[in-house]
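Since the structure comes first, as structure tokens, the remarks are kept for the end.
Reminder, nothing fancy here: chain letters follow the sequence lines and each chain counts from 1.
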Amino acid sequence: MRITQNMITASSVNRLEANREKFNRSQQVLATGKRVLKPSDDPAASKSILRFRTRVASVTQYRDNIAAGQSRLELADDSLGMVDKLLHQARSIAVEYPAGYDDDTRQTAADAVRDIYDQVKDMANMRYGDQYIFAGHQSDSPPASRDDAYNATWSGDDGDVRTAIGDGIQTSLNAGGENPFRTDDGTLVFDTLRNIIDGLEAGDPDAVAAEVDALDRSITQVRDVQGKYAATYDRLQTTDVHLHRELMNVETLLADTEQADLSQAAVELQLQQIAYESALSATSKIVPQTLLDFLK
Amino acid sequence: MSTLSSILNIGRSALQAQQKAITVTGNNIANVNTPGYTRQRAELANSEAINDTPGQMGGGVKVTEVRRLYDRFITGEIRGENQEMGEWEARKQVQDRLEVVFNETDDDGLNKTMNEFWNAWQDLAENPGGTVERANLVSRAEDMTDRFRNMADDLDSIASEVEGRIDQAVSDINETAQEIARLNKDIRRAENLGQTPNDLKDQRDEALKKLSGLADVSVSESGSVMNVTLGGETLVDGDTAWELSYDGTDFAVTDPDSGTTTPIAHDDITSGTLGGLLAMKNDVIPDYRDRLDDMARTVINEVNTQHAAGKGLDNTTGVDFFDAATATPAADMRVSQSIVDDPRLIAAAGATENPPGGAANAWDIADLANQPLMSGGTETFSDYYTGLVSDVGNDTRTAGSRYDMQRTTMMQLEAYREEVSGVSLDEEMVNLVQFQNAYAAAAKLISATDELLDTIINMV
């Protein structure tokens, strides 16, 4: 075979370019820690990477939703726990009164129930962020208010507050909008408390005693709703455990697909450096030589 | 009878022949780096002998021709492969640009902004009355529409660059065709005068090679001229080059003498730089662009339909979230101005719910991300876009590997051509030494004859 100067030059340049390219690619892989730097590096992998990333974004959002939902439920549970305690205090007063209070005691008891009334009202007007959690969809204004005569107005509705915990899966954060402060027969707990206050003020033990049953129904209602919140909380907890596991899996898959094996990349870089340097040194020896060097 | 003067003649023919051979060697050395140069060799033969007793005596040496050492088949093959290489080189260059538009690996592409957009709807649904959530949703929506518009703009500007390169290729083709026609004319004239126009033929081969890289031409040899057709129509006919023109869609060649114009459909040009550019312009870029538009249109329509069904904070219904889809929805995608001006109009509440706490509509819109709304109801937006990115990656990879393959083939053919036609300095050096020695020896012959003549003259 005839070998000409041009052939030597062309093949040297080509080899050097090829080595330089591989060397450069290894450097990029090492510098970024990523195996797939652009879609054409591995089209199938880049498809998986985008899918995994989208899944990570959705799962992270669902976990954020759950965390927010749980905070809201914890706050609601605390509030209802407090309401339960307050209503029990009111119940003791209502039960003890007919046994005979003097006027002062009766007045003190009436004031105590007024306090309870206002504290329950504060609990009903509890806010999570800027939302009134017991107001249903009327979440921008306090649902419970009263006039000077302790006549209550409930301005909330029974709107269902939901959150998403999976693709197309939603769960209610307020027991489907069920109002803990209103019993099934439509009685507001505030009306019951007002009747007790009125009974105490009027010195009418029978009227007060008649409200104990209504108060019990209110307590049951609060506990029912509290129980539903707890069930929702548990469901969120279970889902979160699943989502957490999924997130770990997807992130592992993402890393496996996207990230370079650094030790392997380092070894490759070393090998390519050797290859590149050898090509350079071979080129420097071959290219300049011709017969001219040896003719006198 | 041989005479002393015939010896002088032999010496003279030797000096001339070796000198010519040295000239040819020198020319080879001078053109060692000239692309397309074919090495030449002075063919030596002995001159006619002179009748003499006891037999014919040699009459010296002569150069019968200066021959190009080349393989015409490899030249044809190089032209064929060069067409393929021109095509894939053009496709690879454009694909590399396109890939950047769809490069999502840095995690700041359309896929991410779309994820953030859908998640912003969930954040809003968590707190449907929140002004911060509303403002955030508008920002995320604008990020997404910006990204759609940028991508559409980038695709458009790449398409118009390709258009410019098509014009450039057309003018390169015309220039090269004219050069070939001129060389045809010069070569024919030289051959008619009995000359061997080796260098002109090298130039013509090089021009034909360049032309074949530009478009799918076919070359036929007819006597001393090379005729060229492009897409089946005449481009070079003897010493006339037809003018190729491009109207933005199709092509035509015009005979400069008669003014006759013959159309060439763009489908008939499939390889060479021009073929590659046409494939990118007519098939690849419009395909990407259509798919992007398809996605933008569906996002706009689905979100708008769902959004119009819900209620804003002031109970308004029937408001569009995005401006209605135009004929080029990706390039014109925008959040509707009324929403930007007043995020309270964002319809988070369902039709039967009370604002501000109702969020059913926001959840429904967020859930569009999970619905199979693309590809005839089989793929989600994310699946669809991921498929597009992966196709762009595949196309880019194919173009790159086809180009590399073609380049390797070309290098092998060029190496083979070099093996036959290339200049080897070592070989030329050996030849130079050989001819130089022969020249010196011939000179010695003349000086010896001179001494012989001297002897005779001094005898007188």
Side-chain angles (χ1 to χ4, degrees), chain A residues 1-7 9-11 14 34 36-51 53-58 60-62 64-65 68-69 72 128-132 135-140 156-157 159-164 167-168 170 258 290-292 294-295, chain B residues 32-33 95 99-100 102-105 107 111-112 114-116 118-119 122-123 125-130 349 353-360 363 366-367 369-371 382-383 385-387 389-397 400 411 414-415 418-420 422-427 429-430 433:
Chain A
M1 185 178 173
R2 285 182 78 244
I3 303 289
T4 70
Q5 262 63 35
N6 275 336
M7 283 160 84
T9 317
S11 69
N14 194 47
K34 286 182 180 175
V36 183
L37 300 169
K38 47 190 195 314
S40 61
D41 286 342
D42 189 341
S46 69
K47 192 173 187 169
S48 307
I49 289 169
L50 285 190
R51 291 232 162 115
R53 282 213 190 115
T54 302
R55 192 61 198 156
V56 167
S58 321
T60 307
Q61 177 72 37
Y62 293 140
D64 288 350
N65 292 354
R72 183 186 165 117
Y128 174 69
D130 49 8
Q131 303 179 72
Y132 291 90
H137 287 167
Q138 307 290 355
S139 54
D140 58 340
D157 61 17
D160 187 5
V161 174
R162 309 179 73 82
T163 194
D167 293 350
Q170 291 175 10
E258 182 176 43
T290 68
L291 184 61
L292 266 175
F294 302 95
L295 287 173
Chain B
V32 64
N33 289 328
Q95 280 293 159
E99 189 182 22
V100 176
F102 291 94
N103 197 356
E104 298 276 332
T105 47
D107 203 17
N111 194 54
K112 190 186 181 200
M114 280 188 78
N115 288 341
E116 287 176 348
W118 301 118
N119 284 347
Q122 292 199 26
D123 287 338
E126 299 261 325
N127 185 16
E353 292 181 329
N354 289 322
W363 286 120
D367 197 44
N370 304 315
Q371 304 292 325
S382 175
D383 289 344
Y385 181 65
T386 307
V389 171
S390 150
D391 283 352
V392 174
N394 260 323
D395 290 349
T396 309
R397 193 182 173 87
M411 286 197 22
E414 292 279 7
E418 271 290 310
E419 195 182 328
V420 178
V423 175
S424 157
L425 282 181
D426 294 347
E427 191 179 293
M429 280 304 133
V430 172
V433 170

[X], part contacting chain A, at a heavy-atom distance under 4.5 Å:
| X | answer |
| --- | --- |
| B:D391 | neither |
| B:D367 | side chain |
| B:E427 | side chain |
| B:N115 | side chain |
| B:V430 | both |
| B:N111 | side chain |

Let me confirm one number: the [atom1]-[atom2] distance from [X] to [Y], rounded to the nearest 0.5 Å.
| X | Y | atom1 | atom2 | answer |
| --- | --- | --- | --- | --- |
| A:Q61 | B:E116 | CD | CD | 10.5 Å |
| B:K112 | A:T54 | NZ | OG1 | 12.0 Å |
| A:D41 | B:E99 | CG | CD | 7.0 Å |
| B:E126 | A:Y128 | CD | OH | 7.5 Å |
| A:N65 | B:D123 | CG | CG | 7.0 Å |

Nearest heavy atoms of [X] and [Y], plus distance in Å:
| X | Y | result |
| --- | --- | --- |
| A:L50 | B:E104 | CD2-CB, 3.5 Å |
| B:N394 | A:P43 | OD1-CG, 3.3 Å |
| A:A164 | B:Q122 | CB-OE1, 4.1 Å |
| B:P355 | A:Q138 | O-OE1, 3.8 Å |
| A:H137 | B:G358 | CG-N, 3.3 Å |
| A:M7 | B:A415 | CE-O, 3.6 Å |

Contact origin within A:D130 toward chain B - heavy atom pairs under 4.5 Å: side chain
[Y] and [X], any side-chain heavy atoms less than 4.5 Å apart:
| X | Y | value |
| --- | --- | --- |
| B:E353 | A:D160 | no |
| A:Q131 | B:P128 | yes |
| B:V392 | A:P39 | no |

Between A:D157, A:V161, A:N14, which has the largest tally of heavy atom pairs under 4.5 Å with chain B? A:N14
Among B:V100, B:D395, B:N127, which residue has the highest count of heavy-atom pairs closer than 4.5 Å to chain A? B:N127
Between the side chain of B:W363 and the main-chain N/O of A:Q170, is any donor-acceptor distance below 3.5 Å? no
Salt-bridge present (B:D383, A:R51; N to O < 4.0 Å): yes
Strictly by modelled atom types, are A:Q5 and B:N33 linked by a side-chain donor-acceptor pair under 3.5 Å? no
Can a donor-acceptor pair be found between the side chains of A:S40 and B:T396 at a distance below 3.5 Å? no
